[in-house]
Amino acid sequence: MFYPFYFDPTYFLVIIGAVLCLLASAKVRSTYSRYQQVRSASGLTGCEAAQRILHYSGINDVRVEHVPGNLTDHYDPRSKVLRLSDSTYNSPSVAAIGVAAHECGHAVQHAKGYAPLSLRSALVPVANFGSTIAWPLIIIGFLFNNQTSSLLITIGIVAFSLAVLFQIVTLPVEFNASSRALAVLGETGMLQTEELSMTRKVLSAAALTYVASAASAILQLLRLVLLSNRRND
């Protein structure tokens with residue numbers, strides 16, 4: 001039998017990925033907390049800003065709803081609902097307006113048929129299935145040493161690769177949504193120049209979390225490939 005779960009050098013790849021995610025999470029929370037204290041000159045709440053942006057963009061079939069939690073904001077393309085969290089919905093801060101505008105960016109992407117968003121949506125069921133079956137197959141494969149176990153490991157790695165692909169495709173979707181957000185906030189005058197600079201920092205920090213997640217997934221995939229190759233040697 002082969003046991004890959006004792007400490008070996010490849011664990012450093014997992015550690016690096018975990019550290020990146022922790023640093024990115026800390027960065028976005030500290031940045032958001034800082035600019036959550038800065039009230040926008042317009043006095044608009046995140047909800048009001050979202051409604052104005054959707055109207056400005058000619059989108060009339062997307063609802064804006066409140067969802068519990070902190071930084072749980074998201075756009076649901078299936079039901080065409082933009083959900084804003086406790087820290088965004090009723091807050092008039094530059095951070096809240098920036099986050100609301102970012103989610104509106106996803107709604108605009110959906111309305112315009114933005115290709116990376118369509119690809120990401122198509123990958124959701126495949127990535128979920130892949131991430132669900134990957135680890136059971138890989139673990140079972142590593143516990144035994146025969147041709148069938150090698151096949152299980154290979155299938156598991158391919159399945160995990162689909163989840164990694166989803167993380168990679170997510171990057172241009174998120175970057176583009178932030179670019180759209182900053183552009184429309186400037187065009188509509190909802191935020192002044194100095195406020196836009198603050199919002200850019202919030203959205204840039206948020207983008208780091210997606211970069212860190214993708215990097216962590218890639219490092220984990222690299223580790224699995226290295227372990228598989230070492231097992232076959």
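This structure is a prediction, so every number in the text was calculated from the model and none was measured.
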Would you say the side chain of K27 lies within less than 4.5 Å of the side chain of L23, judging by non-hydrogen atoms? no
Hydrophobic clusters here meaning ILVMFWY residues chained together by side-chain heavy-atom distances under 4.5 Å, can you tell me if V124 and L119 are in one? yes
So, using side-chain hydrogen bond (donor to acceptor under 3.5 Å, both in side chains) as the criterion, who are the partners of Q220 when residues are at least two apart? none
Output the distance between atom CD (E187) and atom CD1 (I53), rounded to the nearest 0.5 Å. 10.5 Å
Here the side chain to side chain donor-acceptor pair (under 3.5 Å) pairs for residues 153-169, sequence neighbours left out, are none
Side chains of T45 and N90: donor-acceptor distance under 3.5 Å anywhere? no
Testing the 3.5 Å rule here: is there a donor-acceptor pair between the side chains of N176 and S179? no
Take K112 and R180, measure what side-chain contact (heavy atoms from CB on, under 4.5 Å) needs, and give me the verdict at the end. CA-CA 12 Å; K112 294 183 178 297; R180 292 176 187 269; 3.8 Å; yes
I'd like to check S228 versus I153 (side-chain heavy atoms, cut-off strictly below 4.5 Å). Are they in contact? yes
Does some side-chain heavy atom of N60 sit less than 4.5 Å from a side-chain heavy atom of H55? yes
Got a sec, which pairs hit salt bridge (Lys or Arg N to Asp or Glu O under 4.0 Å) with one end in residues 33-61, sequence neighbours left out? D61-K80
S91 side chain reached by Q36 side chain, heavy atoms, under 4.5 Å: yes
Suppose we screen for side chain to side chain contact (heavy atoms under 4.5 Å, CB included). Which residues come up paired with L222, at least two apart in sequence or across chains? L13, L226
Which pair of non-hydrogen atoms, one from A41 and one from Q192, has the smallest distance, and what is that distance? CB-NE2, 3.5 Å
Nearest heavy-atom neighbours spanning S149 and G141: CB-O, 3.1 Å
Here the gap from T209 atom OG1 to L20 atom CG, rounded to the nearest 0.5 Å, amounts to 12.0 Å
All ring-ring contact (aromatic ring centres under 6.0 Å, His included) counterparts of Y210, not counting sequence neighbours: none
Residue set satisfying side-chain hydrogen bond (donor to acceptor under 3.5 Å, both in side chains) with S40, at least two apart, ordered chain then number -> S42
I'd like to know if the side chain of Q109 reaches the main chain of V173, judged simply by a donor and an acceptor atom lying under 3.5 Å from each other, with no hydrogens or angles considered. yes
Within 45° of the ring axis of Y75 and under 6.0 Å from its six-membered ring centre, is that where the NZ or CZ of R83 lies? no
Can you confirm whether Y32 sits close enough to K201 that some side-chain heavy atom of one is under 4.5 Å from a side-chain heavy atom of the other? no
Please evaluate residues S57 and V108 with respect to the criterion side-chain contact (heavy atoms from CB on, under 4.5 Å), reporting the C-alpha separation (whole Å), side-chain torsions for both, the decisive distance (0.1 Å), and the verdict. CA-CA 7 Å; S57 302; V108 174; 3.7 Å; yes
Looking only at non-hydrogen atoms, find the nearest pair between L203 and S178 and report the distance. CB-OG, 3.8 Å
All side-chain hydrogen bond (donor to acceptor under 3.5 Å, both in side chains) counterparts of Q51, not counting sequence neighbours: none
Pairing residues for T188 by the side chain to side chain contact (heavy atoms under 4.5 Å, CB included) criterion, not counting sequence neighbours: Y56, V184, M190
For D73 and S85, the nearest pair of non-hydrogen atoms, with its separation, is OD2-N, 2.8 Å
Consider only side-chain heavy atoms of I, L, V, M, F, W and Y, link residues closer than 4.5 Å, and tell whether L44 and L82 are in one cluster. no
Audit row: F175, T170, side-chain contact (heavy atoms from CB on, under 4.5 Å) steps and yes/no: CA-CA 9 Å; F175 292 153; T170 293; over 6 Å; no
So, using ring-ring contact (aromatic ring centres under 6.0 Å, His included) as the criterion, who are the partners of F160 when residues are at least two apart? W135
So CG of L162 and CD1 of I133: to nearest 0.5 Å the spacing works out to 8.5 Å
Distance under 6.0 Å and angle within 45° of the ring axis: does R223 meet both against F12? no
Counting C-beta onward and ignoring hydrogens, is there a side-chain heavy-atom pair between E195 and I97 closer than 4.5 Å? no
Would you please name every residue forming a salt bridge (charged side-chain N to carboxylate O under 4.0 Å, His left out) with E194, sequence neighbours left out? none
Heavy atoms only: give me the nearest A217-V164 pair and the separation to one decimal. O-CG2, 3.7 Å
Considering only heavy atoms from C-beta outward, does the side chain of L185 approach that of L196 to under 4.5 Å? yes
Do V99 and L191 sit in the same hydrophobic cluster, where Ile, Leu, Val, Met, Phe, Trp and Tyr count as joined when their side-chain heavy atoms come under 4.5 Å apart? yes
Run the side-chain hydrogen bond (donor to acceptor under 3.5 Å, both in side chains) test against N70 and tell me which residues pass, sequence neighbours left out. S87
Keeping the roles fixed (side chain from S25, backbone from L22), state whether a donor-acceptor pair exists under 3.5 Å. no
Please check: side-chain N/O of T72 versus main-chain N/O of P68, any donor-acceptor pairing under 3.5 Å? yes
Shortest non-hydrogen contact from A111 toward I59: CB-CD1, 3.9 Å
Within 6.0 angstrom of H74 NE2, more than 12 heavy atoms from elsewhere: yes
Examine I168 and V225 and state if one hydrophobic cluster contains both, with Ile, Leu, Val, Met, Phe, Trp and Tyr joined whenever side-chain heavy atoms are less than 4.5 Å apart. yes
H66-D86 side chain donor-acceptor pair, cut-off 3.5 Å: yes
Identify whether L137 and F129 are in the same connected component of the hydrophobic contact network (ILVMFWY, side-chain heavy atoms under 4.5 Å). yes
Please examine the side chains of L123 and L165, heavy atoms only from C-beta on, and report whether any two atoms are closer than 4.5 Å. yes
Side chain to side chain contact (heavy atoms under 4.5 Å, CB included) involving S216 - partner list, sequence neighbours excluded: C21
Between L208 and V28, does the side-chain contact (heavy atoms from CB on, under 4.5 Å) criterion hold? Intermediate values first, please. CA-CA 8 Å; L208 287 177; V28 70; over 6 Å; no
